[in-house]
Amino acid sequence: MYALVDCNNFYASCERVFNPAILHRPVIVLSNNDGCVIARSNEAKALGFKMGDPFFKVRGLAARHGVAVFSSNYALYGDMSSRVMQTLERFAPEVEIYSIDEAFLNLAGFAEDRLAALAADIRRTVRQWTGIPVSVGIGPTKTLAKAANQLAKKDPAAAGVWLIATERDRRDALARLAIGDVWGIGHRWASFLESNGIATALAFSRQPDRWIRTRLNVIGLRTAVELRGTPCIPLELSPPPKKGLVVSRAFGRKLTAYEPVKEALVAYVTRAGEKLRRDRLLARHMQVFLHNSPFSTAEPYYGNASGFHLPHPTSDTAELIGHATAALRRLFRPGFHYAKCGVMLAELCPAGAGQRDLFDTRDDNRSRRLMTALDAINRRMGRDTVFYAGSGIRRDWKAFANMKTRHFTTDWRQLLRVSA
DNA sequence: TCTGGGGTCCTAGGACCC
DNA sequence: TCTGGGGTCCTAGGACCC
């Protein structure tokens, strides 16, 4: 049996832990640049806020209902997440951290009649130790545990716990679950299946294999088999090696000149280099992209990308910056109001395994020592204590976050003060 | 003035090889 | 009636997840 533990409205719940005044107020959390709604408390969902709503369109609604609005605070959410995960690791020997707010637990070996009590204990403990409310779904496959979790969240009578243990439990659960709420069935597949008269998880699980395999694909078939109770998605205890990484951000304002776009790109490439070195990886391929707003009515859409192999695998920031800015010069066209750019690094390989060119006589010792020193300084003294001048100093293109709370748990200077 | 950021996997089609 | 059979690699596009 597997459990799927999912934090309720995670980002909104994190904000509430440090601000009891909003415990019963609707809460929404915005994406980077305060652009879109990406988390909502139950009260905010009831008011009609949707995932992905552009904030400028719902600002009025928020004001009318006294909604507490926050910029996202990833330092806080990341730290709260690791507290939740550490708590979960006390309950089961095998835990897969599936996302910032979810984990699968392997419950093999637990007596079946104790599972409901265990789930209740997990909820109580995580709530008490971290302040975060969670829901627990239990089932014989990961997809069924996910399904159980959906029902635990939806049915107020469930008290945050749902158990699929018997064949009868399974059929009951799948009959209640809309096809679009199945893990692995997204927007497109859901509407395709609905148009074929398949509205519930149960109906889907009963379709012939051949039909699912040809209309969807093997992933769709795997989902159906899991819904029938046969596990085919194993627990992943250590994350598989990363295949690529992206750093991209929308600018805080539209940019028309080359220089600020280049500064932003250099800053993103710097972050990408840090990620590579943190994971002890080298990149062999780079892609740089740039585009104006796809929503603009004032000018045509212009988006372009340049991808190329690097002369040798590297994680050296200076080298990455050189290649990236050369690519940007090819992509940049004057006359557009640019909204966003980014860099993708791919064909990653472990540092030390980088294939050298036969005629490559570089001394990469110097680069390695420089990067190590740079990372050490920035780790100890704070991000961007030392940085490449190409990323600019004023950085007035930076995304804004006007309603961000403090880093309550990761910075001594930002601890919560309580007056009594 | 205004719309996020980060990933993985599969399939089809075209090019190439014998 | 009747243009084989078996591969690899790459890319673009489209699903999906959080």
Side-chain angles (χ1 to χ4, degrees), chain A residues 4 6-7 9-11 28-39 49-60 62 69-74 77-78 81 96-104 142-143 146 149-150 179-193 212-223 226 233 236 239-256 264 268 271-272 275 279 285 287 289 291-298 301 305 307 309 337 339-348 397-402:
Chain A
L4 188 269
D6 190 323
C7 301
N9 315 323
F10 182 54
Y11 297 169
I28 60 175
V29 179
L30 306 178
S31 67
N32 194 35
N33 244 339
D34 296 338
C36 295
V37 175
I38 55 167
F49 289 92
K50 297 278 181 295
M51 188 74 174
D53 276 347
F55 179 54
F56 74 89
K57 287 189 181 171
V58 295
R59 190 192 295 268
V69 182
F70 297 95
S71 306
S72 36
N73 182 347
Y74 288 103
Y77 310 150
S81 171
E96 172 186 340
I97 299 173
Y98 175 65
S99 74
I100 194 165
D101 69 337
E102 284 173 73
F104 287 101
K142 285 167 79 173
T143 305
K146 268 280 205 180
N149 191 283
Q150 287 281 330
I179 184 63
D181 289 339
V182 173
W183 185 46
I185 304 293
H187 232 107
R188 300 302 290 264
W189 286 358
S191 54
F192 167 75
L193 292 168
I212 297 173
R213 176 68 182 79
T214 53
R215 302 305 167 95
L216 307 183
N217 58 26
V218 296
I219 297 182
L221 180 57
R222 200 141 58 205
T223 296
E226 282 240 326
I233 305 175
E236 275 178 4
K242 228 195 254 310
K243 301 198 164 172
L245 66 87
V246 180
V247 178
S248 74
R249 305 255 181 288
F251 310 130
R253 60 183 176 86
K254 301 295 179 258
L255 301 180
T256 51
Y268 304 164
R271 199 67 65 227
K275 287 185 179 187
D279 295 346
H285 190 270
Q287 186 174 341
F289 66 88
H291 61 80
N292 65 358
S293 169
F295 305 103
S296 171
T297 49
Y301 179 73
H309 282 95
H337 292 72
K340 182 176 181 172
C341 75
V343 62
M344 263 180 238
L345 298 174
E347 294 183 28
L348 307 183
W397 40 262
K398 269 185 95 159
F400 43 88
N402 292 328

Would you mind reading off the distance between [X] atom [atom1] and [N] atom [atom2], rounded to a whole angstrom?
X	N	atom1	atom2	value
A:Ile97	B:dG6	CD1	P	20 Å
A:Tyr74	B:dG5	OH	P	9 Å
A:Ile179	C:dC16	CD1	C1'	14 Å
A:Glu96	C:dC18	CD	P	12 Å
A:Met344	B:dG6	CE	P	10 Å
A:Phe55	B:dT3	CZ	P	13 Å
A:Phe49	B:dT3	CZ	C1'	16 Å
A:Arg188	B:dT11	CZ	P	17 Å

Can you check whether [X] reaches [Y] side chain to side chain, under 4.5 Å on heavy atoms?
X	Y	result
A:Ile100	A:Tyr11	yes
A:Leu345	A:His285	no
A:Ser81	A:Phe10	yes
A:Tyr74	A:Asn32	no
A:Lys142	A:Leu4	no
A:Ile233	A:Phe104	no
A:Phe55	A:Ile28	yes

Please enumerate all protein N or O atoms sitting under 3.5 Å from an N or O of nucleotides 7-10 of chain B, with distances to 0.1 Å.
{"from": "B:dG7", "atom 1": "OP2", "to": "A:Val246", "atom 2": "N", "distance (Å)": "2.5"}
{"from": "B:dT8", "atom 1": "OP1", "to": "A:Lys243", "atom 2": "N", "distance (Å)": "3.2"}
{"from": "B:dC9", "atom 1": "OP2", "to": "A:Lys243", "atom 2": "NZ", "distance (Å)": "3.0"}

Heavy atoms only, 4.0 Å cut-off, all strands: where does [X] land among base, sugar-phosphate and nothing?
X	value
A:Asp101	sugar-phosphate
A:Asn32	sugar-phosphate
A:Ile185	sugar-phosphate
A:Lys254	sugar-phosphate
A:Arg249	sugar-phosphate
A:Tyr98	sugar-phosphate

Is A:Ser72 near enough to B:dG4 that one of its side-chain N or O atoms lies under 4.0 angstrom from OP1 or OP2? no
For the residue pair A:Phe289 and A:His291, does the interplanar ring angle fall in the parallel (under 30°), tilted (30 to 60°) or perpendicular (over 60°) class?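 Parallel.
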Could you label the plane-to-plane angle of the A:Tyr268 and A:Phe251 rings as parallel, tilted or perpendicular, counting under 30° as parallel and over 60° as perpendicular?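 Parallel: the ring planes of A:Tyr268 and A:Phe251 meet at under 30°.
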Hey, what do you get for CD (A:Gln150) to CG (A:Asp6), rounding to the nearest 0.5 Å?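 Going from the CD atom of A:Gln150 to the CG atom of A:Asp6 covers 8.0 Å.
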What distance, rounded to whole Å, do you find between the two C1' atoms, one in C:dG4 and one in B:dC17? 15 Å
More 5' along DNA chain B: A:Leu216 or A:Cys36, using each one's nearest nucleotide? A:Cys36
Stacking of A:Trp189 on C:dC16 base (centres under 5.5 Å, planes under 30°): no
[X] side chain, from C-beta outward: closest of [options]:
X	options	value
A:Trp183	B:dG5, C:dC17, C:dA15	C:dC17
A:Pro54	B:dT3, C:dC16, C:dC18	B:dT3
A:Ser99	B:dG5, C:dC18, C:dA15	C:dC18

Angle between terminal axes - the helix from B:dG5-C:dC18 to B:dC18-C:dG5, 5 pairs each end, rounded to 10°: 10°
For A:Ala250, does its backbone N or O pair with a side-chain atom of A:Asn33 as donor and acceptor, under 3.5 Å? yes
